[in-house]
Number of protein chains: 2
Amino acid sequence: MSKQELRVLGQDGVDGCCPGLLTTPLASDQAAELARVFKALGDPVRLQLLSMIASRAGGEVCVCDLTPEFELSQPTISHHLKLLREAGLIEGQRRGTWVYYRLVPETTDRLADILARPAGQPLARTPGACS
Amino acid sequence: MSKQELRVLGQDGVDGCCPGLLTTPLASDQAAELARVFKALGDPVRLQLLSMIASRAGGEVCVCDLTPEFELSQPTISHHLKLLREAGLIEGQRRGTWVYYRLVPETTDRLADILARPAGQPLARTPGACS
């Protein structure tokens, strides 16, 4: 899953950079793949989980440290983590009893590139005609 | 709606920049507001609409030019545009019969900032201990 996302997010550019959401109309297949990643970010608990994982010193968090931070069951937290993993935003590694998660920074880098204005090209905001 | 989103997206930084998704655990209220914007991006049709609006020369698109690009009804397209507008991603202006939409680049700028790695701080990816 995550490999597919990463491939699609990086398919249009050099060095894995940028389908260009703001510069070219997205094709429907690109839009479908990209929407899945944004949809994974479109939930408050998943955003909090992602920020907790990404900001942790050492770069890795045990699921055993994530669950107590929420008033949610372990299966619910695991479901949210699964959606983040399937979107290619995090990756997990089981060691013994627990799974340890870390950010996949290449995915957030690509989303940031996709949303950034093209270099040296401020987006036009002057009124145009309706043809 | 969009004013509320913009305020929350920019509340933690200087010059409207960056709650810092990757550097600090998000508070639940920040996560809720930010999730609404990402949720608006979490749909293929809305992503295509946004990219069509953002990439249009002149910076503005008549809704009359957007609808024919999709095999969807006018009310459905209008609903998607409303969600993008409520998320602060686009703004619309009625002139005569039609509404004209343009990107709010400050919102996509802020999302790009939020997702970018902190300058000079590559994210740690070394294994850590589970305390």
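Looking at B:Ala40, neither its backbone nor its side chain comes within 4.5 Å of chain A, counting heavy atoms on both sides.
We find the OG1-CE distance between A:Thr24 and B:Met52 to be 12.5 Å, quoted to the nearest 0.5 Å. Annotation: the span from B:Leu103 atom CG to A:Leu22 atom CG amounts to 6.0 Å, rounded to 0.5 Å.
Under a hydrophobic-cluster definition in which Ile, Leu, Val, Met, Phe, Trp and Tyr are linked whenever side-chain heavy atoms come within less than 4.5 Å, directly or via other members, A:Leu83 and B:Leu47 are assigned to different clusters.
Contact detail for A:Leu50 and B:Leu21: the closest heavy-atom pair is CD2-CD2, 4.0 Å. Here the closest non-hydrogen pair linking B:Leu26 and A:Ser51 is N-OG, 2.8 Å. Smallest separation of non-hydrogen atoms from B:Ala31 and A:Pro44: CB-O, 3.6 Å. The two residues A:Glu106 and B:Arg117 have their closest heavy-atom pair at N-NH2, 4.3 Å.
Listed by chain and number, the residues in a side-chain contact (heavy atoms from CB on, under 4.5 Å) with A:Thr76 are A:Leu72, A:Ser73, A:His80 (sequence neighbours excluded). When the side-chain contact (heavy atoms from CB on, under 4.5 Å) test is applied to B:Ala112, the partners found at least two apart in sequence or on another chain are A:Leu115, A:Ala116.
With chain A as partner, the option from B:Asp43, B:Leu49, B:Leu41 having the largest number of non-hydrogen pairs under 4.5 angstrom is B:Leu41.
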